[in-house]
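We name chains A, B, ... by the order of the sequence lines, and we start the count at 1 in each one. In what follows, every heavy atom counts, from backbone to side chain, and hydrogens, waters and symmetry copies are set aside. What you see is a predicted model; the values in this text were computed from it and never measured.
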2 protein chains.
Amino acid sequence: MSLAAYYGDFTVAAASENLTASQGKTLNVLRRGPASMSALATTLTCDASNMTGIIDRLEKRGLVRREPRPSDRRVKNVVLTAEGERVIDVIRGKMHTTQAGLNRLDEQERDTLYTLLERAFVPQDAAARP
Amino acid sequence: MSLAAYYGDFTVAAASENLTASQGKTLNVLRRGPASMSALATTLTCDASNMTGIIDRLEKRGLVRREPRPSDRRVKNVVLTAEGERVIDVIRGKMHTTQAGLNRLDEQERDTLYTLLERAFVPQDAAARP
DNA sequence: GCCATTGCTTGATGTTCTCAAGCATCGATG
DNA sequence: CATCGATGCTTGAGAACATCAAGCAATGGC
């Protein structure tokens with residue numbers, strides 16, 4: 001199935017940087033900007049207690065940083081470090097299959113695809129380009 | 001990101017039937033017909049030893065059956081049981097978000113979307129309709 | 001100040017995932 | 001045939017992931 005191809009590819013690319021799929025997805029979400037633990041959990045549709053462990057491991061490797069949010073001291077803002085940014089860029093660059101797949105379409109077709117996906121699946125949020 | 005929405009939805013639907021995402025994906029693949037352990041592992045981009053455990057648990061719940069392949073006694077063919085078919089149908093029916101998203105497109109747009117996805121991501125296989 | 005709510009963490013339990021190792025079968029080659 | 005490399009699956013160990021219940025700290029309304 002089409003979408004599985006995308007995720008399989010992402011998993012392989014993430015693994016090449018010694019990251020699990022969940023860690024890769026988390027970095028990918030953080031590319032858009034800092035987010036609280038609960039916001040990450042919501043986006044990745046998992047329990048908040050789950051994010052604690054994932055962020056723990058990413059932080060231990062210096063890819064991510066927990067910062068307090070002054071306006072609400074309960075909240076931890078998770079931020080990509082420079083190294084984290086580098087790693088997620090490398091991963092995205094390595095997604096050969098997806099890139100090759102998208103290259104099979106011309107520019108106008110790619111635009112159409114993105115527009116349709118956006119309308120179908122993203123009610124609230126800006127579209128992310130695979 | 002658009003594709004994450006699809007999988008989040010699938011995860012929730014699978015959980016409502018007390019299945020994990022991996023178990024749900026496995027049943028979903030088997031909808032197309034029986035497959036060997038290694039074929040499943042390839043499709044789901046994971047290790048063969050991984051499938052053993054997943055199929056073990058699905059089999060214990062009667063959703064799936066291992067059958068020997070007479071032409072090659074090393075191979076185990078994994079087959080959906082009637083109950084397994086019922087469960088995966090329920091799950092697919094529960095994917096409200098995806099359904100609602102696709103309903104936001106008219107028929108011609110859906111066709112375009114499927115065609116583009118197919119051309120971009122599925123070189124070898126028939127297209128699967130989400 | 002009280003108290004329900006929210007945000008995050010901890011601990012327990014089961015599942016997933018990967019790797020290395022193992023056993024059985026197959027197919028080809030001598 | 002007999003052997004031997006390759007293939008299909010399983011097992012076991014160790015890490016990560018997932019979910020739930022419980023807990024603590026901070027918040028905001030009363």
Residue met sooner reading DNA chain D from 5', once A/I54 and B/V75 are mapped to nucleotides: B/V75
B/T52 or B/A15, whichever maps to the more 5' nucleotide of DNA chain D: B/T52
For A/E85, all residues meeting side-chain contact (heavy atoms from CB on, under 4.5 Å), sequence neighbours excluded: A/L80
For atom CG of A/L19 and atom P of C/dT16, their distance in whole Å: 22 Å
Shortest non-hydrogen contact from B/V79 toward B/P34: CG2-CB, 4.1 Å
Summary of protein contacts for nucleotides 25-30 of chain D, nucleotide by nucleotide, where a base hit scores B, a sugar-phosphate-only hit scores S (4.0 Å, heavy atoms): -BS---
Within residues 56-65 of chain B: residues closer than 4.0 Å to DNA chain D (heavy atoms): none
Those residues that, when tested against A/R66, pass salt bridge (charged side-chain N to carboxylate O under 4.0 Å, His left out) (two or more places apart): A/D56, A/E59
Which residues share a side-chain hydrogen bond (donor to acceptor under 3.5 Å, both in side chains) with B/T42, sequence neighbours left out: none
Nearest-Å distance for atom pair CE/P, residues A/M37 and C/dT6: 18 Å
Atom-pair distance (CG on B/L40; C1' on D/dT10), nearest Å: 15 Å
Presence of A/S22 side-chain N/O under 4.0 Å of D/dA18 phosphate oxygens OP1/OP2: yes
Contacts of B/D72 that satisfy salt bridge (charged side-chain N to carboxylate O under 4.0 Å, His left out) - sequence neighbours left out: B/R74
Interatomic distance, A/I55 CD1 vs D/dC17 P [rounded to whole Å]: 10 Å
Any N/O pairs under 3.5 Å between the protein and nucleotides 19-23 of chain C? List them or say none.
{"unit_1": "C/dC19", "atom_1": "N4", "unit_2": "B/S49", "atom_2": "OG", "d": "2.5"}

Partners meeting salt bridge (charged side-chain N to carboxylate O under 4.0 Å, His left out) with A/R73 (sequence neighbours left out): none
Which atom of A/E83 lies closest to which atom of A/L63, heavy atoms considered: CG-CD2, 3.5 Å
Between C1' of D/dG8 and CG of B/N77, the distance in whole Å: 12 Å
Listed partners of B/R61 passing salt bridge (charged side-chain N to carboxylate O under 4.0 Å, His left out), at least two apart: none
Results of side-chain contact (heavy atoms from CB on, under 4.5 Å) for A/A39 - residues two or more places apart only: A/A35, A/S36
Where at least one partner belongs to residues 34-46 of chain B, residue pairs that pass salt bridge (charged side-chain N to carboxylate O under 4.0 Å, His left out), sequence neighbours excluded: none
Any pair counted as salt bridge (charged side-chain N to carboxylate O under 4.0 Å, His left out), so long as it reaches residues 11-21 of chain A, sequence neighbours left out: A/E17-A/K94
Separation of D/dA16 P from A/K25 NZ (nearest whole Å): 17 Å
Value in whole Å for how far the P atom of D/dG8 lies from CZ of B/R66: 16 Å
Protein-nucleotide distance (A/N18, atom CG; D/dA15, atom C1'), rounded to Å: 13 Å
Below 4.0 Å: OP1/OP2 of D/dT7 and any side-chain N or O of B/S38: no
Evaluation steps, side-chain contact (heavy atoms from CB on, under 4.5 Å), between A/T20 and A/I54: CA-CA 10 Å; A/T20 66; A/I54 295 175; over 6 Å; no
